[in-house]
Number of protein chains: 2
Amino acid sequence: MDRIDRKLLKLLQEDASRTNADLAAEVGLSPSSCLRRIRRLKSVGVIDRVVALLDPAKAGRGMKAIVTVELERHGEQHMRRFLEVAAMEPVVVQAYSVSGSTDAVLMLRLMDMDEFDTLCERLFRDRTNVARYYTMFVIRTAKETTAIPL
Amino acid sequence: MDRIDRKLLKLLQEDASRTNADLAAEVGLSPSSCLRRIRRLKSVGVIDRVVALLDPAKAGRGMKAIVTVELERHGEQHMRRFLEVAAMEPVVVQAYSVSGSTDAVLMLRLMDMDEFDTLCERLFRDRTNVARYYTMFVIRTAKETTAIPL
DNA sequence: ACCCAGTCTGCAATTTTATTGCACAAATCC
DNA sequence: GGATTTGTGCAATAAAATTGCAGACTGGGT
């Protein structure tokens with residue numbers, strides 16, 4: 001993990017569609033060496049995978065919400081069960097158990113309020129072990145990156 | 001935007017490193033047609049970009065935190081300024097202004113507590129217009145996807 | 001300082017993949 | 001129902017990734 005590896009990771013986190021020759025030139029390496037480094041980074045798992053990122057609005061999911069959840073009965077078992085159920089929902093794109101007074105945090109990618117309503121119905125209705133939940137709708141996205149700083 | 005486009009988007013959101021011929025076979029199209037569809041999806045911006053996703057732990061950023069922020073003085077101008085400053089920080093990977101009693105939410109990718117401490121020092125110290133902030137450290141990640149449901 | 005083993009590098013040949021032109025089929029619009 | 005637009009498959013071409021190999025670099029032991 002030297003300077004060149006970090007530079008490659010930085011470049012690939014921004015744009016993984018560039019050609020190997022292109023990347024090689026930018027980091028000052030031959031295409032073959034560059035390729036071998038990238039392959040190594042993949043094989044050791046530093047690079048987990050490469051994916052296409054969609055424009056949420058153009059994909060019809062412009063609405064985003066952050067929901068904090070407080071459970072009725074606490075404990076590892078109950079927490080696990082809730083997160084399992086939440087993770088099943090396609091509109092739940094992130095699901096965490098967290099420290100502090102709230103137990104879990106969910107990130108939602110929604111089409112409209114209707115979708116939010118039906119989701120709440122499913123996840124937070126009676127007999128669902130949710131004591132209370134608090135929804136914050138995203139007004140403006142100032143930053144949203146998948147890149148991990150190196 | 002028909003059934004095939006959606007299937008392609010779904011596949012590319014999971015793994016954008018597959019070959020075109022491979023994708024074409026899976027959606028039942030010839031490689032050339034498949035390629036043209038993907039190119040169209042990129043040109044209209046539905047596909048925003050393709051990126052490499054790193055393993056946070058292996059990249060040395062296993063710690064994640066969610067911070068809700070309440071500003072001292074509210075209003076568009078102050079909110080914009082705060083988000084601008086927050087977005088500059090590399091460890092801030094998501095920054096939103098939100099509805100509800102809190103004004104902003106930040107997602108942090110951290111190496112350790114020290115990094116958290118110095119960030120708070122910079123973002124939340126006196127004269128920074130932050131009335132109070134509440135930090136939730138992520139204990140367990142049940143789901144974390146970049147894929148937008150279609 | 002020297003040598004050795006292990007690792008990394010660049011070059012060039014090879015294989016794989018993406019890309020394009022073209023003729024034809026399907027859907028769409030009057 | 002005919003014309004126009006849009007989408008499709010095939011085959012040729014261009015571009016890119018991948019591999020073998022010989023040499024350069026690196027670090028540890030003496």
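Letters go in sequence order (proteins before strands), and every chain restarts at 1.
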Next item on the list: Apply the test side chain to side chain contact (heavy atoms under 4.5 Å, CB included) to residues M136(B) and Y96(A): give CA-CA distance (whole Å), side-chain angles for both, the deciding distance (0.1 Å), then the verdict.
Entry: CA-CA 10 Å; M136(B) 298 173 279; Y96(A) 307 103; over 6 Å; no
Next item on the list: Determine, step by step, whether Q94(B) and K143(A) satisfy the side chain to side chain contact (heavy atoms under 4.5 Å, CB included) criterion, reporting the C-alpha distance in whole Å, the side-chain angles of both residues, the deciding distance to 0.1 Å, and the verdict.
Entry: CA-CA 5 Å; Q94(B) 299 173 46; K143(A) 186 176 189 179; over 6 Å; no
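Side chain of R49(A) to main chain of E14(B): a donor-acceptor pair is present (N/O by atom type, distance under 3.5 Å, no hydrogens or angles).
For CE of M88(A), the number of neighbouring non-hydrogen atoms (other residues, nucleotides, ligands) closer than 6.0 Å is 12 at most.
Between the CZ atom of R3(B) and the C1' atom of dA27(C) there is a distance of 17 Å, rounded to whole Å.
Near-neighbour residues of DNA chain D inside residues 15-42 of chain B, defined by a heavy atom below 4.0 Å, number-ordered: L29(B), S30(B), S32(B), S33(B), R36(B), R37(B).
Under the salt bridge (Lys or Arg N to Asp or Glu O under 4.0 Å) criterion, E121(B) pairs with no residue at all, not counting sequence neighbours.
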